Amino acid sequence: MNDKKPFIIQFVIGIILIGGGLLTQFDYYSTMIFAMGCGLAFSSLAQIVRIIYWQNPKRQAVYEEKKQEAHINSIDERKQYLRMKAGHVTYQIMTFFLLLIAVILALFRAEAWVIGMIFLLFILQWVVGNMAYRILEKRM
């Protein structure tokens, strides 16, 4: 039951948001609230079904084997390094992608606030990346 408890709470919140979206009469915001409720409710329901499926006594041996493999993968040094390397490569790709999008939007003469937001996202990503690096450097 403890595995399902957070998902049950999220499902109830999703249902409340769906109800709130249906009962309010704001065109844009009620649709947004309804969509967030649907996303939260259906994703939580899918996780509850997944937990029930794998906790079935017929699948218990396979489930325990999968959990053991996931645990081994989480403490394996090579896999930890690969995850860190993948995060680093993704950080670099997104940094250059945000700069490229800002340049392309400038070439197409997009509004200044749109280009500014993309550039601010680039700066935010750079700052957060450097902060994360410094924090991890002090811990290790």
Side-chain angles (χ1 to χ4, degrees):
M1 185 64 181
N2 283 341
D3 294 344
K4 295 179 235 170
K5 190 174 184 179
F7 297 114
I8 292 171
I9 293 169
Q10 289 176 2
F11 179 74
V12 170
I13 292 171
I15 296 299
I16 291 170
L17 287 174
I18 289 172
L22 291 174
L23 295 177
T24 57
Q25 296 301 319
F26 308 114
D27 291 333
Y28 179 74
Y29 296 111
S30 61
T31 304
M32 188 185 311
I33 292 170
F34 177 78
M36 286 189 315
C38 286
L40 188 61
F42 290 125
S43 65
S44 300
L45 186 63
Q47 289 297 324
I48 291 170
V49 168
R50 184 185 64 84
I51 291 170
I52 291 171
Y53 176 82
W54 283 110
Q55 286 182 346
N56 190 337
K58 293 186 288 187
R59 296 176 194 88
Q60 197 66 32
V62 176
Y63 180 58
E64 290 299 323
E65 189 176 310
K66 285 179 74 163
K67 279 179 32 178
Q68 181 68 21
E69 183 179 338
H71 175 70
I72 290 170
N73 286 339
S74 70
I75 60 173
D76 183 16
E77 290 176 7
R78 180 179 173 274
K79 300 224 177 182
Q80 287 177 346
Y81 172 76
L82 290 174
R83 283 192 294 273
M84 287 190 307
K85 186 69 173 171
H88 177 70
V89 169
T90 304
Y91 169 77
Q92 287 179 330
I93 290 171
M94 285 307 298
T95 299
F96 291 119
F97 181 73
L98 285 171
L99 285 175
L100 181 68
I101 290 292
V103 169
I104 290 172
L105 287 174
L107 291 175
F108 285 122
R109 296 182 183 189
E111 293 188 33
W113 68 270
V114 174
I115 298 169
M117 282 182 32
I118 299 293
F119 191 70
L120 286 175
L121 282 173
F122 161 72
I123 292 173
L124 176 70
Q125 182 176 350
W126 181 79
V127 168
V128 170
N130 282 327
M131 286 175 42
Y133 175 77
R134 289 207 167 80
I135 289 170
L136 290 173
E137 186 179 37
K138 287 178 183 176
R139 283 189 187 170
M140 295 182 171

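Just so you know, these numbers use all the heavy atoms, side chains as well, and skip hydrogens, waters and symmetry mates. Here the structure is a predicted model, which is why all the values come from computation and not from measurement.
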### Task
Would you sort out whether T31 and D27 count as a side chain to side chain contact (heavy atoms under 4.5 Å, CB included), showing the intermediate values?
CA-CA 6 Å; T31 304; D27 291 333; 5.9 Å; no
Please report the shortest heavy-atom distance between [X] and [Y], naming the atom on each side.
X: A110; Y: I115; result: O-CD1, 3.8 Å
X: A41; Y: I18; result: CB-CD1, 4.2 Å
X: Q80; Y: I75; result: NE2-CA, 4.0 Å
X: D3; Y: P6; result: O-CD, 3.7 Å

### Message
Tell me every residue that passes side chain to side chain donor-acceptor pair (under 3.5 Å) with E111, counting only those two or more places apart in sequence or in another chain.
### Response
W113
### Message
According to side chain to side chain donor-acceptor pair (under 3.5 Å), who are the partners of Q92, at least two apart in sequence or on a separate chain?
### Response
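Here the qualifying residues are H88.
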### Pairs meeting criterion ring pair (Phe, Tyr, Trp, His ring centres under 6.0 Å) with involvement of residues 15-50, two or more places apart
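Non-adjacent pairs meeting ring pair (Phe, Tyr, Trp, His ring centres under 6.0 Å): zero.
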### Task
Supply the atom-to-atom distance M94 CE to I101 CD1, rounded to the nearest 0.5 angstrom.
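Spacing of CE (M94) from CD1 (I101) equals 9.0 Å.
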### Task
Drop me the distance from I13's CD1 to I15's CD1, to the nearest 0.5 angstrom.
11.5 Å
### Task
Name all pairs fulfilling the salt bridge (Lys or Arg N to Asp or Glu O under 4.0 Å) condition that reach into residues 63-78, sequence neighbours left out, sorted by first residue then second.
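For residues 63-78: E64-K67.
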Tabulate below the donor-acceptor pairs under 3.5 Å that side-chain atoms of residues 45-54 make, not counting sequence neighbours, or state none.
from : atom 1 : to  : atom 2 : distance (Å)
Q47  : OE1    : R50 : NE     : 2.9
Q47  : OE1    : R50 : NH2    : 2.9
Y53  : OH     : R59 : NE     : 3.2

Side-chain atoms of residues 116-131: list all donor-acceptor pairs with protein atoms under 3.5 Å, sequence neighbours left out, distances to 0.1 Å.
from : atom 1 : to   : atom 2 : distance (Å)
Q125 : NE2    : Y91  : O      : 3.2
N130 : ND2    : W126 : O      : 3.4

